[in-house]
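Scroll down for the structure; my scribbles are underneath it.
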Amino acid sequence: MRAHPAGPRHGEIPADRTSVVPADLNDLDPAVWPRGARRDHGVMTLAGNDVRDLAALYGTPLLAMDEQDFRSRCHDFADAFGSAADVHYAAKAFLSSHIVKWLTQEGLSLDVCSGGELRLALRAGFPPERIALHGSNKSQHELEMAVEAGIGAIVIDSFDEIGRLAGISERVNLEAGTVNGSTRRIPVMIRVTVGVEAHTHEFIATAHEDQKFGFSLAGGDAAEGVRRIVACHGLELIGLHSHIGSQIFDPSGFEVSAHRLVVLLKSVIADHPRLAASITTLDLGGGLGIAYTSADTPPPVDAMAKSLTEIVERECQVAGLAVPRIAVEPGRAIVGPGTVTVYEVGTIKDVNLDGGVVRRYVSVDGGMSDNIRTALYDADYTVVLASRSSTAPAARCRVVGKHCESGDIVVRDCYLPADLAVGDLIAVAATGAYCYAMASNYNRLPRPPLVAVADGTSRQLLRRETDDDLQLLETW
Ligand code: LLP
């Protein structure tokens, strides 16, 4: 398997994604583009902002995020899951101080998976009790920071971590001079490897033990982990957690995972009856998919929420357990669809392929430094000419970056109008998740600005990096 689970299903990369020529190259499929994306006299506008104005103001490449799109997807999740569930935004998809503020206002919870994400969230004023900390190798310092801040849960990932946390809890209680009766207990969940691998359209229910995350359910580690957590007076087990993959379209993987978590919950409560009151949450993780192209058909959030809620209720009923709170951790599904990357077209080069076919290489002023997903996962994207419309015929294209590497591909197979010219602006859809978050300075390119657009106005959430920024670490 060459591709990552977040890419095409199980690495089945279609040999040629360009077999179908789009009926209208100017079309903006609402399933793929931000909710505020339109064409006005042929020019793409984002929440009322002409992309040419954005490019003139901030330069290219730039990421434009439709603020209302982001906020409305937060509402969609909160409404769909209702008051019996907690929606944690997964910070790893993209985080900035403004995003933290929007999440605070929208009432969501937050997942972080490093000290850096946690520090930013705390500094931007996010309520610590609504934060959960993930990570397969949390440092002593990260754990201490989380405990000191009083975050809502630490999702324990290993036996080592139980030991580290037990030590921290002992120290904290010693310093606070608490006696046994009033021990401050650190709220924790346990990450269970449920043996389910799910992405896009498929899942495998007997696979995926061979990876670094969590405690294996099948191997008995999860039960042993619970036993050790329970034995530690300073830890309070408040939930069972699993995360089965990313870019998932089909709830059946969650069904198997929820079933296995509920079976575990039942046996844990049978062994430790007092946990019936303390384990309040069943966290099904993130992974809800989005449409990168019109061929992608993720289920609507309310349908997914209904399925997940029904699955957990049914499984608990069968097991004779009270239904716990459900938690979900969407990252991509909230931040992915509302952002587009705007590039300026530079070099255009036609390359002759076998059989007299021509592929037009369209070079842009960014590339794998602002979007590594195509190179890394063979991810597919939708791209259009944005600074004008065109009635020219379709040309078979590949959008490539400016990096010194032939794998520097932004959109592998696409059609763009044949009259595309140097200086045109093109826009790539659904780049809000895991693009800026995974950006690099490869070839010493500065990271692009991230601009929020709303109601005909724009403002930078993150400015473009400068050469001075890039040289900040030099000791000369
Ligand atoms: N919760 C946990 C424990 C996770 O590990 C992840 C993602 C999420 C939630 C959020 O998943 P989402 O809803 O965003 O799919 N870099 C890859 C994706 C890696 C996802 C890692 N974990 C990509 O670009 O597709």
Side-chain angles (χ1 to χ4, degrees), residues 3-9 11 70 73-74 76-77 81 86-95 99 108-114 117 131-138 153-157 189-194 196-200 208 211-215 239-251 253-254 257 261 281-292 296 298-299 301 304-305 308 326-339 341 368 370-381 410 428 430-440:
H4 179 275
R9 54 174 173 168
F70 182 96
R73 288 179 204 273
C74 292
D76 291 351
F77 269 93
F81 280 91
D86 296 314
V87 178
H88 292 241
Y89 170 73
K92 69 196 81 186
F94 174 69
L95 198 68
I99 294 288
L108 261 59
S109 298
L110 182 65
D111 274 359
V112 295
C113 69
S114 70
E117 290 178 357
I131 301 179
L133 174 65
H134 284 273
S136 56
N137 185 23
K138 304 173 191 80
I154 294 173
V155 184
I156 295 184
D157 204 280
M189 296 203 226
I190 179 165
R191 177 159 175 168
V192 181
T193 307
V194 286
V196 174
E197 179 193 4
H199 36 265
T200 309
H208 228 51
Q211 45 91 19
K212 69 174 179 169
F213 290 106
F215 291 82
L240 305 182
H241 175 279
S242 81
H243 171 76
I244 58 172
S246 240
Q247 188 59 355
I248 300 170
F249 288 7
D250 176 353
F254 288 109
S257 139
L261 283 185
T281 302
L282 215 60
D283 191 329
L284 298 176
L288 308 180
I290 64 168
Y292 284 100
D296 292 332
V301 172
M304 198 59 138
L308 298 193
I326 297 175
V328 285
E329 304 169 343
R332 185 192 320 265
I334 289 179
V335 74
T339 295
T341 308
M368 65 195 299
D370 59 75
N371 187 350
I372 189 71
R373 297 192 68 259
T374 306
L376 204 53
Y377 311 133
D378 260 310
D380 201 4
Y381 282 95
V410 179
V428 176
T431 55
Y434 305 108
C435 288
Y436 195 97
M438 295 170 74
S440 74

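One-based numbering, in listed order, for ligands and for the atoms of each. None of the values given here were measured: they were computed from a predicted structure. All residue numbers in this chain count up from 1 along the given sequence. Heavy-atom basis, side chains included; hydrogens, waters and symmetry copies ignored.
Aromatic rings from H134 and H241 are positioned such that their centres are separated by under 6.0 Å.
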Step-by-step side chain to side chain donor-acceptor pair (under 3.5 Å) determination, R332 to Y292: CA-CA 11 Å; R332 185 192 320 265; Y292 284 100; 2.8 Å; yes
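Any N or O atom pair closer than 3.5 Å counts here, and R332 shares at least one such pair with ligand 1. At under 3.5 Å, a nitrogen or oxygen of K92, whether backbone or side chain, sits near a nitrogen or oxygen of ligand 1. Considering backbone and side-chain atoms together, G331 places an N or O closer than 3.5 Å to an N or O of ligand 1. Residue G287 has at least one N or O atom closer than 3.5 Å to an N or O atom of ligand 1.
Under a 4.0 Å heavy-atom criterion, M438 is in contact with ligand 1. Within the 4.0 Å heavy-atom cutoff, G285 does not count among the residues contacting ligand 1.
For the pair R373 and Y434, the NZ or CZ position fails the cation-pi test of under 6.0 Å to the six-membered ring centre and within 45 degrees of the ring normal.
In summary, the atoms of ligand 1 found under 4.0 Å from a heavy atom of H134, numbered by their order in the structure, are 3 (C). Residue contact check: S246 has heavy atoms under 4.0 Å from atoms 11 (O), 12 (P), 15 (O), 20 (C) of ligand 1. Shown in contact with R191 at under 4.0 Å from a heavy atom are these atoms of ligand 1, numbered in order with element: 3 (C). Counting the atoms of ligand 1 from 1 in the order shown, those under 4.0 Å from a heavy atom of E329 are 1 (N), 2 (C), 3 (C), 8 (C), 9 (C), 10 (C), 13 (O). Annotation for ligand 1: atoms under 4.0 Å from non-hydrogen atoms of G286 are 1 (N), 9 (C), 13 (O). The contact set between ligand 1 and P330, taken as ligand atoms under 4.0 Å from a residue heavy atom, comprises 13 (O).
Using a 4.5 Å cut-off on side-chain heavy atoms (C-beta onward), S257 and L284 make contact. Annotation: side chain of N371 is not in contact with side chain of T341 (no heavy-atom distance under 4.5 Å). You'll find the side chain of C435 reaches within 4.5 Å of the side chain of Y381, heavy atoms only. Under the 4.5 Å side-chain criterion, counting only non-hydrogen atoms from C-beta, M304 is not in contact with V328. The shortest side-chain heavy-atom distance between F254 and L288 falls under the 4.5 Å cut-off. You'll find the side chain of Q211 reaches within 4.5 Å of the side chain of T193, heavy atoms only.
Under 4.0 angstrom from ligand 1, the non-hydrogen atoms of R373 all belong to its side chain. With a 4.0 Å cut-off on non-hydrogen atoms, Y377 touches ligand 1 through its side chain and not its backbone.
In this comparison of Y434, F213, Y89, Y292, the heavy atom closest to atom 14 (O) of ligand 1 sits on Y434.
In this structure, CG in L108 is found 9.0 Å from CZ in F77, a value given to the nearest 0.5 Å.
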